[in-house]
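The shown structure was predicted, so the numbers you read here are calculated from the model rather than taken from an experiment. Proteins get letters first, then strands, A, B, ... in listed order; numbering begins at 1 in each. Just so you know, these numbers use all the heavy atoms, side chains as well, and skip hydrogens, waters and symmetry mates.
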2 protein chains.
Amino acid sequence: MGWTDEHGRRLTDYDRPSVAVDVALLTLDAGGRLAVVVHERTGAHARGLPALPGTFLHVDGAETLRDAALRALRDKVGVTGREPEQLRVFDDPARDPRGRVLSVAHVDLVGHDRIEGTTGVLAPVEDGTLPYPLAYDHDLVVAHALRWARDRYAAAPDPAGLAGGEFTLLELQGVHEAVEGRRLQKDTFRRRVADGLVETGHVRAGTVGKPARTFRRR
Amino acid sequence: MGWTDEHGRRLTDYDRPSVAVDVALLTLDAGGRLAVVVHERTGAHARGLPALPGTFLHVDGAETLRDAALRALRDKVGVTGREPEQLRVFDDPARDPRGRVLSVAHVDLVGHDRIEGTTGVLAPVEDGTLPYPLAYDHDLVVAHALRWARDRYAAAPDPAGLAGGEFTLLELQGVHEAVEGRRLQKDTFRRRVADGLVETGHVRAGTVGKPARTFRRR
DNA sequence: TCAATAGTGTCTCTGAGACATTATCTG
DNA sequence: CAGATAATGTCTCAGAGACACTATTGA
């Protein structure tokens, strides 16, 4: 790399920060409540508060941020096949006691079924706050992720597919209530999402009351 | 820095990327059209296409991304007193031929008066495209910045204050048409912004026709 | 039959969009 | 006065929100 800048120096003559990625992976717990996947750090070299799955960007090998985020999900909580989205960079110089570490926060939403059997731990996100603090500035990351998810769910019916492939309107409404963090009115909700749904022709039978029709996302 | 990770290594044992900030500073040119501030790079060590004002993050001294963005604006185009906002990270491994450089793109909107007399050059952003290509992936940055600006201007009247402190509704409409990139209907526009404005009590006199009342943002 | 859940008709309110009209200035 | 620009009355349409009613099932 023989390039020099306006002062005649090479890139590597300057001090560089470490760059990490952290992923706020949101999901619903068994009770249908919004939660974020964290991992307990119990090793000899990494103890302390639970943290979001994260890792350092591997510069050798030209890894992208997206690939690093996928690697963190796989290695830290055993989740694969996701498509995390960039949220923002957290750059408080004091955010990591080990040195100057920028964190490129990512966010994704995943169905509960993809979490089961993994090493991830669910931390409920009750009205925007966690039951215990997270490591580094990860509480802040979760707060941003939550706003991102709410914006997306306000704009389209279940964009992440948390309700699964086929669902009744009431099931879909439950997912939206969990993510958006507020109760919704069923008739208003139905009309809001109707355009984005296709009827499957099936019904959800075997319950008390009138069986509900099921839908797919368009 | 004695901290070690789960593999017993220090942070600085890993290869780290260079981190740059680039700022898409949007403004209106003399004709009231949307433009982005670029600078020509004519030095011996940096020739080529015009680029957005940018710089490398200074890790020594614990510089934040925001401070680096402000420094880039001051040193590269002579603009001060702004509040750039983070847009996203561009991380294509091939985006900079000098090596692995992540760019944290920022965006800001500034009144034309703050650009006059600076070393910046205005590149018009005609319906989202530039008249000539920019260095690196800066065309992509501008495209994202434009979307950001349009979203903000769709939500509130002139959030960046491009119209100045006191303006007529038609002047405000001209600013919004330039940023949003479409013609607006005056009566619809007036009602849309009315809530966010306060009447000054003055009128814009000395023109032909009925003098217009002037407003301030609330 | 009743209890429970699903689904819809309809009313109000708000805001965008558009057309046409009225108001007030300069020359 | 004419011409130009400012400002607004009013109509339509669409969507959110809410209430109440009807529909269909199991027990």
S.K.: Can you check the A/Arg192 CZ to D/dG15 C1' distance for me, whole Å?
M.R.: 12 Å
S.K.: Apply salt bridge (charged side-chain N to carboxylate O under 4.0 Å, His left out) to B/Glu83 and B/Arg66, showing your working.
M.R.: CA-CA 8 Å; B/Glu83 202 53 66; B/Arg66 174 179 171 277; 2.5 Å; yes
S.K.: Taking CD from A/Gln185 and C1' from C/dT12, how many angstroms apart are they, rounded to a whole number?
M.R.: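 Going from CD in A/Gln185 over to C1' in C/dT12 covers 14 Å.
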S.K.: For B/Phe189 and D/dA6, what is the distance between atoms CZ and C1' respectively, to the nearest whole Å?
M.R.: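 Roughly 15 Å, once rounded to whole Å.
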S.K.: Separation of B/Arg183 atom CZ from C/dA18 atom C1', in whole Å?
M.R.: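 Interatomic distance, CZ of B/Arg183 to C1' of C/dA18: 15 Å.
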S.K.: Report the residues that fulfil salt bridge (Lys or Arg N to Asp or Glu O under 4.0 Å) with A/Arg192, sequence neighbours left out, ordered by chain and then residue number.
M.R.: A/Glu180
S.K.: Please encode protein proximity along nucleotides 3-10 of chain C as a string of B, S and -, counting only heavy-atom distances under 4.0 Å.
M.R.: -BBBBBBB
S.K.: Return the set of residues passing salt bridge (Lys or Arg N to Asp or Glu O under 4.0 Å) with A/Arg152 (not counting sequence neighbours), or none when no residue passes.
M.R.: A/Glu85
S.K.: With sequence neighbours left out, write down each residue that passes side-chain contact (heavy atoms from CB on, under 4.5 Å) with B/Ala212, or none if nothing qualifies.
M.R.: B/Thr168
S.K.: Suppose the criterion is ring pair (Phe, Tyr, Trp, His ring centres under 6.0 Å): which pairs have a residue in residues 77-108 of chain B, not counting sequence neighbours?
M.R.: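 Matches after skipping sequence neighbours: B/Phe90-B/His144.
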S.K.: Can you tell me the distance, in whole Å, between the CZ atom of A/Arg182 and the C1' atom of D/dA16?
M.R.: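 Going from CZ in A/Arg182 over to C1' in D/dA16 covers 10 Å.
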S.K.: Partners of B/Arg95 by side-chain hydrogen bond (donor to acceptor under 3.5 Å, both in side chains), sequence neighbours excluded?
M.R.: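 Residues passing side-chain hydrogen bond (donor to acceptor under 3.5 Å, both in side chains) with B/Arg95: B/Asp137.
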